[in-house]
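The basis for the numbers below is simple: all heavy atoms, side chains too, and nothing from hydrogens, waters or symmetry mates. Naming convention: chains lettered A, B, ... in sequence-line order (proteins, then strands); numbering from 1 in each chain.
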Amino acid sequence: MPELPEVETVARQLRLRVVGRTVRRLQIFDPLLRNGRTPRVAGRSIRGVTRSGKRVLIELSPAAGVKGALWLAVHLRMTGRLLWMDERGDLEHLRARFQLDRGELLFQDTRRFGTFDWYRSSAAAASQGLEPLSPELTPPRLAALLRGSTQALKAWLLRQDRLVGLGNIYASEILHAAWLSPFREGRTLTKAEVERLHRCIRRILERAIRNCGTTFSDFQDARGLSGSYQRLLAVYDREGRPCRRCRAPIQRVVQQQRGTFFCPGCQGRGRTSARRARGTG
DNA sequence: GGGTACCTGAAA
DNA sequence: TTTCAGGTACCC
């Protein structure tokens, strides 16, 4: 599941536990995690844990016999978990284990979509798209990114080459918060609508981070705990239930083979809203 | 752009 | 048994 708030939660918790620790040994149990060579990490210490888009970045120091710092980008994809454990557990679907000088960091991933990518510089490890919570994302910048887009807004928000970190849950939540139809084309948004979208992207993501993300079935943070934002969801997974704002039943449609949840009452009437918006300027 | 594939398990 | 799932890479 993990989208930006979940990945941010994991990175923050991990940071408190592993920064300054030394890697004694890295074991990779799932060959899918070895795309290309896995560098030597034994003897390196963990200098930092950050987030870039939906990936956790672990910075490793140089060590005796191994030159240069190293960055590991862990993408959790759908079911990946980075878990901090002090004692040996008997975990199912354990894909990798970092044995540290004290404790260990485990990578568990039921569906095996998760990835490890290794980089020699932080620049190489950086994401393509813009971080939605960075000061660089201003309303004019968002307007510039949206300019000319004929893509449905929901699909556009999922693109990682424009904004990073948004996924299927928060794309629906943000559009509802911004009173925008998921079917609107990016190029049709007025200045006021772009400003509203900008505000809601930040508001929703920040609130989700404060709640340690959303858990349906799989997401756990580094402590093995669930998030709590699922209590606050306005539309996602609420098909047929009343909109908290206008009481109309929440609707589920499929866009790009993925579920989109929205309120037909207060987010415009689906596919016609783009035409209506163009008509009214 | 949109379809399909990757992988596993839970729920319908 | 079939369908669905929080993600993205790769095909036309």
Side-chain angles (χ1 to χ4, degrees), chain A residues 1-11 28-36 51-56 73-82 91-96 107-117 125 127-129 132 145-176 182-187 204-205 207-209 211-221 225-240 252-261 271 274:
Chain A
M1 86 173 301
E3 303 179 33
L4 186 153
E6 291 75 30
V7 180
E8 180 67 28
T9 298
V10 169
I28 294 181
F29 308 116
D30 187 341
L32 288 181
L33 286 177
R34 298 179 174 281
N35 52 337
R51 177 191 59 74
S52 173
K54 295 177 190 172
R55 301 175 308 163
V56 176
V74 179
H75 201 309
L76 305 174
R77 296 288 183 99
M78 302 285 265
T79 55
R81 295 171 179 168
L82 277 170
L91 276 189
E92 258 192 312
H93 307 300
L94 184 62
R95 306 298 181 195
F107 180 66
Q108 184 196 30
D109 188 7
T110 303
R111 288 178 70 179
R112 306 171 66 203
F113 286 163
T115 55
F116 281 9
D117 289 288
S127 301
Q128 297 269 297
L145 289 172
L146 283 164
R147 194 159 299 143
S149 171
T150 57
Q151 227 173 355
L153 271 184
K154 162 70 179 344
W156 189 88
L157 288 176
L158 296 182
R159 298 180 59 156
Q160 303 297 300
D161 59 340
R162 297 297 192 270
L163 299 181
V164 290
L166 302 182
N168 213 36
I169 294 179
Y170 298 107
S172 283
E173 292 298 309
I174 286 165
L175 289 173
H176 180 265
F183 308 110
R184 286 280 296 278
E185 293 180 5
R187 62 178 180 178
I204 296 288
L205 291 179
R207 193 154 77 119
I209 291 170
N211 283 273
C212 297
T214 302
T215 299
F216 282 102
S217 54
D218 296 297
F219 174 65
Q220 287 184 358
D221 62 24
L225 299 180
S226 296
S228 60
Y229 194 79
Q230 60 277 11
R231 293 184 294 112
L232 303 174
L233 294 173
V235 286
Y236 188 86
D237 203 34
R238 297 194 70 240
E239 183 181 16
R252 177 184 188 274
V253 295
V254 175
Q255 276 179 301
Q256 306 188 130
Q257 289 84 243
R258 318 204 57 199
T260 293
F261 296 86
R271 291 163 209 286

If the condition is salt bridge (Lys or Arg N to Asp or Glu O under 4.0 Å), which residues does [X] pass it with, not counting sequence neighbours?
X	result
A:Asp109	none
A:Asp30	A:Arg95, A:Arg112
A:Glu173	none
A:Arg51	A:Glu8, A:Glu131

Between [X] ([atom1]) and [N] ([atom2]), how many Å, whole number?
X	N	atom1	atom2	answer
A:Tyr170	C:dA5	OH	P	17 Å
A:Met78	C:dT3	CE	C1'	13 Å
A:Asp117	C:dG7	CG	P	17 Å
A:Leu163	C:dT8	CG	P	13 Å

* **Stem segments of DNA chain C by first residue number [Watson-Crick or G-U, under 3.5 Å, at least 3]** =>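 Counting only runs of 3 or more consecutive pairs, the stems involving DNA chain C are B:1-6 with C:7-12, B:8-12 with C:1-5.
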
* Is the shortest heavy-atom distance from the side chain of A:Trp156 to the side chain of A:Leu163 under 4.5 Å? -> yes

* To do: Taking the side chain as every heavy atom from C-beta outward, state whether A:Phe261 and A:Asn168 have any pair of such atoms under 4.5 Å apart.
  => no

With [X] via side-chain contact (heavy atoms from CB on, under 4.5 Å) - residues at least two apart:
X	value
A:Gln128	none
A:Arg147	A:Ala143, A:Ala144
A:Ile28	A:Leu26, A:Leu33, A:Arg34, A:Thr38, A:Ala96, A:Phe116
A:Asn211	A:Arg207, A:Ser228, A:Tyr229, A:Arg231, A:Leu232

* To do: Assign A:Ser217 to base, sugar-phosphate, or nothing according to its heavy-atom contacts below 4.0 angstrom with the strands shown.
  => base

* Which part of the nucleic acid, if any, lies within contact of A:Arg55, taking any heavy atom under 4.0 Å across all strands shown: a base, the sugar-phosphate backbone alone, or nothing? ->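 Here A:Arg55 touches no strand at all.
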
* Quick one: is C:dT8 close enough that its OP1 or OP2 comes under 4.0 Å of any side-chain N or O from A:His75? ->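 Checking A:His75 against C:dT8: at least one side-chain N or O falls below 4.0 Å of OP1 or OP2.
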
Between the protein and nucleotides 10-12 of chain B, which nitrogen or oxygen pairs are less than 3.5 angstrom apart?
none

* Structure fact -> So the salt bridge (charged side-chain N to carboxylate O under 4.0 Å, His left out) pairs with at least one residue in residues 148-168 of chain A (sequence neighbours excluded) are A:Arg159-A:Asp161

* Summarise protein proximity over nucleotides 1-9 of chain B in one line of letters, 5' to 3': B for base, S for sugar-phosphate only, - for none, counting protein heavy atoms closer than 4.0 Å. => SSBB-BBBS

* Distance between P atoms of C:dT8 and B:dG9 (Å, rounded) -> 22 Å

